[in-house]
Each structure stands twice: as structure tokens, then as C-alpha cells.
Amino acid sequence: MLKINNLHVYYGGIHALKGVSVSVNPGEIVTIIGSNGAGKSTLLNTISGFIKPKEGEIIYKGEKLIQNPYRVVKKGICQVPEGRLVFVNLTVRDNLMLGAYLRKDKKGILEDLEKVYSIFPRLKEREKQIGGTLSGGEQQMLAMGRGLMSNPEIILLDEPSLGLAPMIVQRIFDIILDIKEMGKTILLVEQNAYKALSIADRAYVLEQGKIVLQGEAKEIASNSKIQEAYLGKK
Ligand code: ATP
């Protein structure tokens, strides 16, 4: 479905992605794990068209993806960014509706709003509340809900657990599984390797801009080097 081939990305003199290749099949949760600065956000931002790669290509459903953020969303790829970026002065409902700004099918938009409310009842309860007054976990839910409002086929999730209390983190990961059940494909970037591997089908380990390991999430989770480096086990 999504095939990333030999991606090289630079920020000036910094070589942030050094020949990264990743593939995502329909209906899968694929996770990219790696520590701070490994290049995880860079990878998602490149897929979304915010950063132009120096080399390499991104193929989506057999076609080369044009590096333009609007076209990428129109094609059915939606990124939920790190740090969530909800519109702090808009209500929950208006934030969600903004996710559908490229759509014209009013009926479908309202149906998707109900779907989002069924996955996130908390957002329904707080429909009229201003985004900036939501808790961190609720803002994460809002950002994910807003992403779903574009009716994407594939969702790119950047560190959804960042800065959240453990109980909320569990809730967010349960919701990611619900989103998979809706038929969506998910590319999940996480520092919380333990949680990410527990819900993913396949995983890639990114270190200093290079994929150093890939495989079934279960296999990666039982790899002793990974346990030592990312899961805090010896
Ligand atoms: P984190 O989990 O901390 O967000 P990450 O794995 O997402 O880390 P990136 O944010 O993709 O990592 O960063 C990869 C590398 O590129 C880092 O060395 C970072 O300092 C560098 N980098 C990222 N954005 C820029 C930028 N705008 N200008 C210069 N260097 C950048």
C-alpha cells in the first residue's frame, strides 16, 4: 500500500535519513521505534510532503506520491502530528470539522463525525468546549479524531503517547486498535517501544537515520538487544 524506498533527507549538513526503506500493507499497524533524534518525525513529515527528500521515492498504491501536503491528504494519507497541535481557540466540534476541510460530501462528513464520537465519547461530551482547555490526553484524542475526519485510508501517528499519564497511554493504545478495527491502516512512530510493539503487526527499528532491524512486532519484542536498548530489560 505504502512503499518507501531508499529515502535520504538532509537538514542543511545534517543527514537525518540515510537510505530508509519501509513498507506498509493494508490493514496493518506498522510501528517505527527509535530513540530521540533517530529520524522518526522526519520520516512521517517526508511522507506527508512537508519535507522534500534528496533521494528516494514514496509509492502509494502503485503510484509515486507527489510531495505536496494537500495532495497527500487528498490521496487518503493523514498525519496526526507530535505535540498534537489542536486549535486552542476553537471548540472540539470545530476542530474536528476542520479535519474534513478538503471534503465536499456533507453526509459522509456528518457520518464520520458520529463515528469519531463513538470511538471518543469524551469528545462528544465536550463538543462545545474550547480545544485549549482540554487535558493532554483529550487533546491527543482530538488530534486523532481530527485526523479521522479526513476519512484517511492510512494514518501516520507521531508519538501519540508523548507526555501522557500511563492510564491515558493505555487508553490511547486501545483506541489505536479500535481505529485499526475500522479498517484503517496505521503507521505509528513511538518512543514507547513496549506499548507500540504490543499492538503492532510489524516493526522497524530506526537508529541515527538508518533502519537497523525489522520484522514481526512479536519477534522484535523478544530480541534481546532490543529488550536491553528499548524495553529496559537485561
Ligand atoms: P524525537 O522523538 O525526539 O522527536 P525523532 O526520531 O522524531 O526524535 P527527528 O525529529 O526526525 O527525530 O530528527 C532527526 C534528526 O534531524 C535529529 O538529529 C534532529 O536534530 C535533526 N532535525 C530535525 N528537524 C530539524 C530541522 N528543522 N533542522 C535541523 N535539524 C533537524
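Read the numbers this way: they start at 1 and go in the same order the structure lists the ligands and their atoms. FYI, side chains are in, hydrogens and waters are out, and symmetry mates aren't considered; it's all heavy atoms of this structure.
For the pair G27 and D201, the tightest heavy-atom approach, listed with the atom from each and the gap, is O-OD2, 4.3 Å. When every heavy atom of S21 is checked against every heavy atom of I211, the shortest pair comes out as O-CG1, 4.1 Å. The minimum heavy-atom distance linking V212 with E207 is given by the pair CG2-CD, 3.8 Å. The shortest non-hydrogen separation linking V20 to G209 is CG2-O, 3.4 Å.
At least one donor-acceptor pair closer than 3.5 Å links the side chain of Q67 to the backbone N or O of T46.
If you check which protein heavy atom lies closest to atom 23 (C) of ligand 1, you get Y11 CE1, 3.2 Å. Atom 3 (O) of ligand 1 has as its closest protein heavy atom N36 OD1, 2.7 Å.
G34 does not count as a contact of ligand 1, since none of its heavy atoms falls under 4.0 Å from the ligand. Residue-ligand proximity: S35 is placed with a non-hydrogen atom under 4.0 Å from ligand 1.
Residue contacts with ligand 1 for S41 involve both N, CA, C or O and side-chain atoms from C-beta outward (heavy atoms, distance under 4.0 Å). Contacts between I14 and ligand 1, counted as non-hydrogen atom pairs separated by less than 4.0 Å, involve the side chain only.
Of the protein's heavy atoms, none falls inside 4.0 Å of atom 20 (O) of ligand 1.
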Open item on the list: Would D158 and S41 count as a side chain to side chain donor-acceptor pair (under 3.5 Å) here? Give the steps.
Closed with: CA-CA 7 Å; D158 197 353; S41 300; 3.0 Å; yes
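The distance criterion of under 3.5 Å between nitrogen or oxygen atoms is met by G37 with respect to ligand 1.
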